[in-house]
Amino acid sequence: MPTTVTPLPSTPPPFTTARLDALPLEPSYAEEMAAVLADPALYAFTGGEPPAPAALRARYERQCAGSPDPGERWWNWVLRVRAAGGTVGQAGGEAGGETARRVAGELVGYVQATVRGARAEIAWVVGTPWQGRGYASEAAQGLAAHLVSAGGVRELVAHIHPDHAASAAVAVAAGLGPTEEWEDGERRWAGNVTPPLVP
């Protein structure tokens, strides 16, 4: 019997980890995220500089519009620390959504995935004030599990500067290992993931 492949949604579904809510990217997050990404030290390995809020909003608008390639999905999430006693999205409607958003804590970074078929290239950034708390590893592990369950992904790929030990540790936590392939001075990390067993 032939099977039908369900197309991936253009907007990524949200997901949660023990301490974080991963919320689908929206241009309205630009101002808060510009503050999260404001430390020039974040760009020591990747290059670039802290984005201004207007430039970040324009970038987010492009990312939310999606890839021009119909076979590729740009999935982006901001990471919000979950406040004690509340989670984002527990109330419906516009007013309820705003209330739920205020209950949650602050944004601390983002994760992203470029999904093509069963492969996803992933990346993560946590602002410097929140580094050293395990948020990046937690988010990357949650992202990997989410991509398997929601996106049908079976292979994860990331590109990491060879001197960026913290990012390499996050990749290991997400189940990736270094390869001998390089691109623009960054080592390619890869890992196969399998769907969870259904009892």
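Values reported hereafter were calculated over all heavy atoms of this structure, with side chains retained and with hydrogens, waters and symmetry mates removed.
Between V108 and L20 the shortest side-chain heavy-atom distance falls below 4.5 Å. Contact of the M33 side chain with the Y60 side chain is registered, since non-hydrogen atoms from C-beta on lie closer than 4.5 Å. L37 has its side chain out of reach of P50: every pair of non-hydrogen atoms, C-beta onward, lies at least 4.5 Å apart. Using a 4.5 Å heavy-atom threshold, the side chains of W75 and Q112 count as separate. For the pair R73 and T114, the minimum side-chain heavy-atom distance is 4.5 Å or more. A 4.5 Å side-chain heavy-atom check between Y135 and T17 finds every atom pair outside the cut-off. A heavy-atom distance below 4.5 Å is found between the side chains of E155 and V157. Side-chain contact between L156 and W189: absent, with no pair of heavy atoms (C-beta onward) separated by less than 4.5 Å.
Atom CG of L79 sits about 12.0 Å away from atom OG1 of T16, to the nearest 0.5 Å. The structure places CD of E26 at 10.0 Å from CZ of R57, a figure rounded to the nearest 0.5 Å. One finds the NE2 atom of H159 at 11.5 Å from the CD1 atom of I122 (value rounded to the nearest 0.5 Å).
In this structure, A34 and P53 approach most closely via the heavy-atom pair CB-CG, 3.8 Å. Annotation for G191 and L176: closest pair N-CG, 4.0 Å, computed over non-hydrogen atoms. Pairing each heavy atom of V36 with each of L42, the nearest pair is O-CD1, 3.9 Å. Closest approach of E186 and P162 over heavy atoms only: CA-CD, 4.5 Å. Scanning all heavy atoms of the two residues, the minimum distance from L56 to P51 falls at CD1-CG, 3.9 Å.
Under the 4.5 Å side-chain contact rule for hydrophobic residues, I160 and W182 do not share a cluster.
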Extract all donor-acceptor atom pairs below 3.5 Å that involve side chains of residues 63-72 and protein atoms in other chains or at least two apart in sequence.
| from | atom 1 | to | atom 2 | distance (Å) |
| --- | --- | --- | --- | --- |
| S67 | OG | D69 | N | 3.0 |
| S67 | OG | E72 | OE1 | 3.0 |
| D69 | OD1 | G71 | N | 2.8 |
| D69 | OD2 | R116 | NH2 | 2.0 |
| E72 | OE1 | W74 | NE1 | 3.1 |

Give every donor-acceptor pair under 3.5 Å between a side-chain atom in residues 126-133 and any protein atom, sequence neighbours left out.
| from | atom 1 | to | atom 2 | distance (Å) |
| --- | --- | --- | --- | --- |
| T128 | OG1 | D39 | OD2 | 2.7 |
| W130 | NE1 | E106 | OE2 | 3.0 |
| Q131 | NE2 | V126 | O | 2.8 |
| R133 | NH2 | P129 | O | 3.2 |

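With sequence neighbours left out, T179 forms a side-chain contact (heavy atoms from CB on, under 4.5 Å) with E181, R188, A190. Residues satisfying the ring-ring contact (aromatic ring centres under 6.0 Å, His included) criterion with F45, sequence neighbours excluded, are H161, H164. Shown here are the salt bridge (charged side-chain N to carboxylate O under 4.0 Å, His left out) partners of E183, two or more places apart in sequence or in another chain: there are none.
More than 12 heavy atoms of other shown residues, nucleotides or ligands fall within 6.0 angstrom of atom CG in D163.
At least one donor-acceptor pair under 3.5 Å links the side chain of W77 to the backbone N or O of P13.
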Start with the C-alpha gap between D21 and R80, add the side-chain angles, then the distance that decides, and say whether salt bridge (charged side-chain N to carboxylate O under 4.0 Å, His left out) holds. CA-CA 5 Å; D21 288 311; R80 190 180 291 281; over 6 Å; no
R154 vs R119, test: side-chain contact (heavy atoms from CB on, under 4.5 Å). Steps then yes/no. CA-CA 6 Å; R154 299 294 176 263; R119 175 185 289 181; over 6 Å; no
For a salt bridge (charged side-chain N to carboxylate O under 4.0 Å, His left out) check, start with the C-alpha distance between R187 and E180, then their side-chain angles and the critical distance, and finish with the verdict. CA-CA 7 Å; R187 183 186 292 272; E180 295 306 313; 3.7 Å; yes
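Among pairs with a residue in residues 110-129, none fulfils ring pair (Phe, Tyr, Trp, His ring centres under 6.0 Å), at least two apart in sequence or across chains.
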